[in-house]
Amino acid sequence: MNISIIGAGQMGNGIAHVFAQAGHRVTLVDLSPTNLEKALATIGKNLDRQVTKGSLTAEQKATTLQNIIATSTMADGVKSAELVVEAATENVDLKLRIFKELDAHAPAGCILGSNTSSISITRIAAATQRPAQVIGMHFMNPVPVMKLVEVIRGYNTSDAVTKTVMDLSTAIGKAPVEVNDYAGFVSNRILMPMINEAIETLFQGVGGVAEIDTVMKLGMAHPMGPLQLADFIGLDTCLAILRVLQEGFGNPKYAPCPLLVQMVTAGKLGMKSGEGFYSYTAGSKDLVVAPSFR
Ligand code: CAA
């Protein structure tokens, strides 16, 4: 299948990776050539990791990379797509703009998917002339590792499009789960209040960063504590999703913790900015609590 991925960030490069590894022809589209270069380097590094572990051969790595082409022109990048998966920043206006453009340039039969983590698929679909062909395809980070694809049906998404996306997700080795289109869907409606509560617990001084994460890791068998996970997802993304939940349901229980708002305002975005609840040094896997929380 010809699949175009819009946005070469953390999620976009992972999605390109898994489709290309499954033998699809992938076009990775990003306005920034630097982002495209970085994404291809990341995909190469992640494939190397699989080769080292023995889950992929060097030939399969080479074929996977050959299956990916990169372009910074949207019109060109989607002109022969059968499926587009948009993985741009979690911003409504940006996504609406992108979907208008996709609708204008992608072939008539092309399915338009969004990897949005919380924004209404029905709203995104309304920006196009093909709402029956718009669907949510929500991958989890790190995409090559996590099995889930949350498949979100918008109000007008057709049965046929849903079936195509469910079948395709299974065929690339993922486990798709079909859900309906309400703010945060299932994944982030449950995950983000937990993360927000962990931040609130820290804010009120009930426990320190390491203590809160250890309780959830050792007590609830979570692979990462909620504060480490927030850093991993990006604190700006967590805040954006909480705002979508708050606005979508009008319920104060989704109000983001003031500490989260403060940290995002201060540019402490977690792993990607080098500091959140923990400090990150390139090349080191050590988990060091950030200076503000020591
Ligand atoms: N690409 C390919 N393989 C990768 C990888 C990547 N980017 N990152 C890790 N791996 C592989 C490793 O090679 C390793 O493989 P083996 O099991 O075959 O040895 C395996 O994943 C585990 O990796 P590590 O040993 O390096 O590290 P770990 O055991 O600490 O696991 C983790 C890392 C998989 C990220 C684990 O900590 C984890 O599952 N964390 C929780 C992740 C999570 O909850 N993700 C969802 C976030 S929410 C989201 O994405 C959606 C949203 O809308 C916000």
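In each ligand, atom 1 is the first atom listed, and ligand 1 is the first ligand listed. What you see is a predicted model; the values in this text were computed from it and never measured.
Per-atom contact check: atom 46 (C) of ligand 1 touches the protein, criterion being a heavy-atom distance below 4.0 Å. For atom 43 (C) of ligand 1, a protein heavy-atom neighbour is found at a distance under 4.0 Å. Within a 4.0 Å radius of atom 7 (N) of ligand 1, the protein has at least one heavy atom. There is a protein heavy atom closer than 4.0 angstrom to atom 12 (C) of ligand 1. Note that atom 21 (O) of ligand 1 has protein non-hydrogen atoms nearby, at separations under 4.0 angstrom. There is no protein heavy atom less than 4.0 angstrom from atom 31 (O) of ligand 1. Counting protein heavy atoms under 4.0 angstrom from atom 51 (C) of ligand 1 gives one or more.
Surrounding NZ of Lys38 are at most 12 heavy atoms belonging to other residues, nucleotides or ligands under 6.0 Å away.
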Check your understanding: Going through the checks in order, is the side chain to side chain contact (heavy atoms under 4.5 Å, CB included) test met by Met137 and Lys174?
Key -> CA-CA 11 Å; Met137 210 177 174; Lys174 297 294 181 197; over 6 Å; no
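The pair Asp159-Arg153 meets the salt-bridge criterion, with a side-chain N (NZ, NE, NH1 or NH2) lying under 4.0 Å from an Asp/Glu carboxylate O. The residues Asp76 and Lys79 are annotated as salt-bridged, a charged nitrogen and a carboxylate oxygen being separated by less than 4.0 angstrom. Comment: Lys163 engages Asp167 in a salt bridge, judged by a side-chain N to carboxylate O separation of less than 4.0 angstrom.
For the pair Ser114 (side chain) and Thr116 (backbone), a donor-acceptor distance under 3.5 Å is present. A donor-acceptor contact shorter than 3.5 Å is absent between the side chain of Lys268 and the backbone of Leu260. No donor-acceptor pair under 3.5 Å is formed between the side chain of Thr128 and the backbone N or O of Phe99. Panel note: side chain Glu86, backbone Ala88; a donor-acceptor pair is recorded below 3.5 Å.
Between the CG atom of Asp236 and the CG atom of Leu269 there is a distance of 4.5 Å, given to the nearest 0.5 Å. Here Thr42 contributes atom OG1 and Asn13 contributes atom CG; the two are 5.0 Å apart, rounded to the nearest 0.5 Å.
Remark: minimum distance from atom 54 (C) of ligand 1 to any protein heavy atom is reached at Ile233 CG2, 3.6 Å. Ranking protein heavy atoms by distance to atom 19 (O) of ligand 1, first place goes to Lys53 NZ, 2.9 Å. Among protein heavy atoms, the minimum distance from atom 38 (C) of ligand 1 is reached at Pro223 CB, 3.7 Å. The protein non-hydrogen atom at the shortest distance from atom 9 (C) of ligand 1 is Arg49 NH1, 3.3 Å. Closest to atom 2 (C) of ligand 1, if we only count protein heavy atoms, is Pro144 CB, 3.6 Å. The nearest heavy-atom contact from the protein to atom 34 (C) of ligand 1 is Val145 CG1, 3.9 Å.
Ile6 and Val18 fall into different hydrophobic clusters, where Ile, Leu, Val, Met, Phe, Trp and Tyr side chains are chained together by heavy-atom contacts under 4.5 Å.
With a 4.0 Å heavy-atom cut-off, ligand 1 is reached by the backbone of Met140 and by its side chain too. At a 4.0 Å heavy-atom cut-off, ligand 1 does not touch Val143 at all. Using a 4.0 Å cut-off between heavy atoms, Thr237 makes no contact with ligand 1 at all. Contacts between His17 and ligand 1 below 4.0 angstrom, taking non-hydrogen atoms only, are absent altogether.
Ring pair Phe293/Phe277 is tilted by interplanar angle, where 30° to 60° counts as tilted.
Residue contact annotation: Lys285 has a non-hydrogen atom under 4.0 Å from ligand 1. In this structure, His222 does not count as a contact residue of ligand 1, since none of its heavy atoms falls inside 4.0 Å of the ligand. Contact annotation: Thr42 has no heavy atom less than 4.0 Å from any atom of ligand 1.
Atoms of ligand 1 lying under 4.0 Å from at least one heavy atom of Leu191, given by number and element, are 48 (S). Near Ser117, meaning under 4.0 Å from one of its heavy atoms, ligand 1 places the atoms 53 (O).
The shortest N/O to N/O separation between Gln50 and ligand 1 does not fall below 3.5 Å. The shortest N or O to N or O distance between Asn141 and ligand 1 is below 3.5 Å.
Between Glu275 and Tyr280 the shortest heavy-atom distance is N-CD1, 4.3 Å.
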